[in-house]
Amino acid sequence: MPTPIGHALMGATVTAAFPLNRDERFAWRSYLLGGFLGAAPDLDCLLGYLPFAPFAGRDWHHDFAHSLGFAFLCGAIVALLHGYRSGVRWRTVFILSVAMASHPILDCMFTDSAGVELFWPFLHTQWRLQLPAPVYLPVHDSLWPRLLGVVLIGIQEAAIYGSLFGFVWLARRFGWRRAEQAEG
């Protein structure tokens, strides 16, 4: 199952593939926003720490926050905040929703847990494909080997998902120039 590094790079890859605007000077903002949305569903781990909440102590990881419906809802809210001056465009809602939906889709593909609640609010069934993960966390009992394993996984995920981001970024960048030269 990907770490926040892999999820953030996949969200940024979506915004690189479908840019929010064509101005390259501000594209990095879209990549950061896509990266944040790609990693955001894992913030559901914090729900169990809320004091005096009716759901305190419950393990909420892989529940509603890891669903396509929640991704669309959050994508629409962020698009509303993103375009509050110029109005919301459906294209922006789609891009931001897909950036966030990349997280539950990756978790559904590679999770070793019971699955993710992918089709919330319509179905509360947890789904998983159990595909072999491209990066594995070695199991160690002591702290330092475990810490080293986490660092190595971060490097491996940065290489795998970062390469995908770089490929999409280069393809879009040079594709635009070719299209602009053909128009002009």
Side-chain angles (χ1 to χ4, degrees), residues 1-20 30-84 87-137 153-154 156-158 160-165 167-168 172:
M1 183 165 51
T3 65
I5 294 169
H7 286 305
L9 283 168
M10 282 304 293
T13 301
V14 170
T15 56
F18 307 103
L20 296 176
S30 299
Y31 306 150
L32 286 176
L33 182 58
F36 173 75
L37 288 173
D42 277 342
L43 294 175
D44 64 356
C45 293
L46 300 177
L47 291 176
Y49 293 106
L50 292 175
F52 307 112
F55 47 79
R58 181 173 183 255
D59 184 20
W60 284 78
H61 193 53
H62 288 170
D63 272 0
F64 71 95
H66 284 69
S67 69
L68 301 177
F70 189 74
F72 177 76
L73 179 67
C74 289
I77 291 170
V78 173
L80 180 67
L81 296 173
H82 183 266
Y84 70 95
V88 177
R89 298 182 346 199
W90 283 107
R91 181 179 184 280
T92 305
V93 172
F94 172 76
I95 293 167
L96 297 177
S97 297
V98 171
M100 191 165 190
S102 68
H103 186 115
I105 291 170
L106 279 176
D107 277 0
C108 181
M109 290 169 48
F110 300 122
T111 190
D112 54 355
S113 70
V116 297
E117 208 171 286
L118 197 60
F119 299 109
W120 175 89
F122 306 109
L123 295 173
H124 296 287
T125 307
Q126 292 186 318
W127 300 80
R128 66 181 178 165
L129 295 177
Q130 291 182 304
L131 297 175
V135 179
Y136 294 99
L137 178 62
I153 284 177
Q156 291 171 347
E157 281 195 347
I160 293 169
Y161 297 109
S163 297
L164 182 60
F165 172 79
F167 174 75
V168 169
R172 289 296 302 180

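Numbers here simply count residues along the sequence, with the first being 1.
Taking the side chain as every heavy atom from C-beta outward, Leu9 and Ile160 never approach each other to under 4.5 Å.
Here Leu80 contributes atom CG and Thr92 contributes atom OG1; the two are 11.0 Å apart, rounded to the nearest 0.5 Å. To the nearest 0.5 Å, the span separating CZ on Phe36 from CG on Leu43 amounts to 6.0 Å. Note that CD1 of Ile5 is 11.0 Å distant from CD of Gln156, once rounded to the nearest 0.5 Å. Taking OG of Ser67 as the start and CD of Gln126 as the end, the distance is 11.5 Å to the nearest 0.5 Å. Rounding to the nearest 0.5 angstrom, the gap separating the CE atom in Met10 from the OG1 atom in Thr15 is 11.0 Å. Note that OG of Ser113 is 9.5 Å distant from CD of Gln130, once rounded to the nearest 0.5 Å.
Using bins of under 30°, 30° to 60° and over 60° for the plane-to-plane angle, the ring pair Phe72/Trp90 lands in the parallel bin. Taking the six-membered ring where the residue is Trp, Trp120 and Phe70 present perpendicular rings, their angle passing 60° and hence far from 30°.
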Apply side-chain hydrogen bond (donor to acceptor under 3.5 Å, both in side chains) to the pair Asp42 and His66, showing each step before the final yes or no. CA-CA 8 Å; Asp42 277 342; His66 284 69; 3.2 Å; yes
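Residues Ala12 and Tyr31 come closest through the heavy atom pair CB-O, 3.5 Å. A pairwise comparison of heavy atoms in Ala101 and Pro104 identifies O-CD, 3.2 Å as the closest pair. Pairing each heavy atom of Ser97 with each of Gly75, the nearest pair is OG-CA, 3.6 Å. Heavy-atom minimum distance, Ala40 versus Met100: CB-CE, 4.2 Å. The shortest non-hydrogen separation linking Ser102 to Gly11 is OG-N, 3.8 Å.
Checked options Ile77, Ile95, Leu33; the residue passing with His82 is Leu33 (criterion: side chain to side chain contact (heavy atoms under 4.5 Å, CB included)).
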